[in-house]
Amino acid sequence: GSRKRMRFLQETNHWITSALPFHRRAFFLSDSVLPPDLIRAYQETEYRVHAEPPFTLRIGQLSPELVQEYKTRKASCCAFLTACNPFSQKLKPEQNAERQLALAKALKSRGLNFLEGFGQHPSNGWEGEPSYLVFDLSLEAAKAMGRSFEQNALVWVGPEGLPKLIVLR
C-alpha cells in the first residue's frame with residue numbers, strides 16, 4: 001500500500017543520493033518523477049553566465065566569480081532559469097525563443113536584475129538552452145517561476161556561492 005510505496009521511494013532517494021559525492025547531490029523530493037539519469041545530467045551540466053568576465057556554475061562547486069558578482073550587484077542569492085524545452089520535451093528553436101522572451105518579460109515586470117546564460121551538458125549531445133541568471137530571487141519565488149514555465153529543475157545559489165540543483169517534479 002501507501003506505506004510500502006513511501007518506504008520504496010525513501011530507499012530509492014537514499015540510493016540515488018548516497019551514490020553521489022555529497023557536493024554533487026540534488027535537493028529534491030523523494031517522490032520525484034524524474035529518472036535518476038536525467039537528474040545526473042542536470043548535475044553535470046555547465047551553467048555558463050555571460051558576465052564580464054564570463055564564468056561557469058557547476059552544481060556543488062563554490063563559485064568565487066559569482067560571489068564577486070553578488071558584491072558588485074549587492075545581491076545575496078540567485079537562480080539560473082530557462083523557459084526552453086518544457087518538461088524536457090524538445091521544441092523548435094523559434095518556440096524556445098518565444099518562451100525565453102516571455103520569461104525575460106516576466107523577470108523585467110518584477111524589476112529583477114539578470115544576466116543571460118547558457119546551460120549545456122559537456123558530453124551528452126543535448127542541445128544547450130539559453131537561460132538567465134536572476135539575482136535576488138528567493139528559492140520559493142524561483143521554484144514558482146520554474147514551475148510556471150514547466151521546468152523539471154533549476155539551479156539556485158544562496159549567499160555562500162554554492163550552486164544547488166533544485167528538482168521541481
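By convention here, the first residue in the shown sequence is residue 1.
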note = In terms of heavy-atom contacts, Cys77 and Gly158 come closest through CB-CA, 4.2 Å
task = Starting at CG of Leu133, measure out to CG of Leu66 and round the result to the nearest 0.5 Å.
result = 6.0 Å
message = Please tell me whether Leu168 and Leu137 are part of a single hydrophobic cluster in this structure, the criterion being side-chain heavy atoms less than 4.5 Å apart.
response = yes
note = So CD1 of Ile39 and OG of Ser32: to nearest 0.5 Å the spacing works out to 4.0 Å
remark   = Residue set satisfying side-chain contact (heavy atoms from CB on, under 4.5 Å) with Glu140, at least two apart, ordered chain then number -> Ser138, Lys143
query = Does Phe55 belong to the same Ile/Leu/Val/Met/Phe/Trp/Tyr cluster as Ile59, with side-chain heavy atoms less than 4.5 Å apart forming each link?
reply = yes
query = With sequence neighbours left out, which residue pairs that include part of residues 65-101 fulfil the ring-ring contact (aromatic ring centres under 6.0 Å, His included) condition?
reply = Tyr47-Phe80
request  = Identify the two heavy atoms, one from Trp126 and one from Asn124, that lie closest to each other, and give their separation to 0.1 Å.
outcome  = N-OD1, 2.9 Å
query = Does Arg73 have any side-chain hydrogen bond (donor to acceptor under 3.5 Å, both in side chains) partners at least two apart in sequence or in another chain, and if so, which?
reply = Glu69, Asn113
query = Does any non-hydrogen side-chain atom of Val157 lie less than 4.5 Å from one of Cys78?
reply = yes
remark   = Taken to the nearest 0.5 Å, the spacing of Leu154 CG from Arg147 CZ works out to 8.5 Å
note = salt bridge (charged side-chain N to carboxylate O under 4.0 Å, His left out) pairs touching residues 118-134, sequence neighbours excluded, are none
task = Output yes when Arg48 and Glu46 qualify as a salt bridge under the 4.0 Å nitrogen-oxygen rule, no when they do not.
result = yes
request  = Quick one: pull up CD in Glu65 and OG1 in Thr56 and give me the separation to the nearest 0.5 Å.
outcome  = 8.0 Å
query = Would Glu44 and Arg58 satisfy side chain to side chain contact (heavy atoms under 4.5 Å, CB included), going step by step from the backbone distance to the final call?
reply = CA-CA 7 Å; Glu44 296 168 351; Arg58 291 178 179 85; over 6 Å; no
message = How close do Glu160 and Leu62 get, counting heavy atoms only, and between which atoms?
response = O-CD1, 2.9 Å
message = My understanding is that only residues two or more places apart in sequence, or in another chain, count here; which of them pass side-chain hydrogen bond (donor to acceptor under 3.5 Å, both in side chains) with Thr82?
response = Gln100
message = If hydrophobic clusters are built by linking Ile, Leu, Val, Met, Phe, Trp and Tyr wherever their side-chain heavy atoms come under 4.5 Å apart, do Leu81 and Leu112 end up in the same one?
response = yes
ask   = Do you know which two heavy atoms are closest between Thr45 and Gln120, and how far apart they sit?
value = CG2-N, 3.4 Å
key: From Lys71 atom NZ to Ser76 atom OG, the distance as rounded to the nearest 0.5 Å   = 14.0 Å
Approximate separation, where rounding is to 0.5 Å, of His121 NE2 and Arg40 CZ = 9.5 Å
note = Residue pairs meeting ring-ring contact (aromatic ring centres under 6.0 Å, His included), one or both in residues 143-169, sequence neighbours left out, come to none
request  = Taking side-chain contact (heavy atoms from CB on, under 4.5 Å) as the test, write out the residues that go with Glu116, two or more places apart.
outcome  = His50, Tyr132
query = Who passes side-chain contact (heavy atoms from CB on, under 4.5 Å) against Glu98, sequence neighbours left out?
reply = none
request  = Identify, with sequence neighbours excluded, every residue that meets ring-ring contact (aromatic ring centres under 6.0 Å, His included) alongside Tyr42.
outcome  = none
key: Verdict with supporting geometry, Gln61 and Leu162, side chain to side chain contact (heavy atoms under 4.5 Å, CB included)   = CA-CA 6 Å; Gln61 293 184 21; Leu162 189 69; 5.6 Å; no
key: Same apolar cluster (I L V M F W Y, side chains within < 4.5 Å links), Leu139/Val67   = no
ask   = Around Lys90, counting heavy atoms of other residues, nucleotides and ligands shown, do more than 12 lie under 6.0 Å from its NZ?
value = yes
ask   = Leu165 and Ala153: which non-hydrogen atoms are nearest, and at how many Å?
value = CD1-CB, 3.8 Å
note = Those residues at least two apart in sequence (or on a different chain) that pass side-chain contact (heavy atoms from CB on, under 4.5 Å) with Leu91 are Asn85, Pro86, Gln95, Asn96, Arg99
inquiry  = Can you give me the closest heavy-atom contact between Val155 and Pro163, atom names plus distance?
reply    = CG1-CB, 3.8 Å
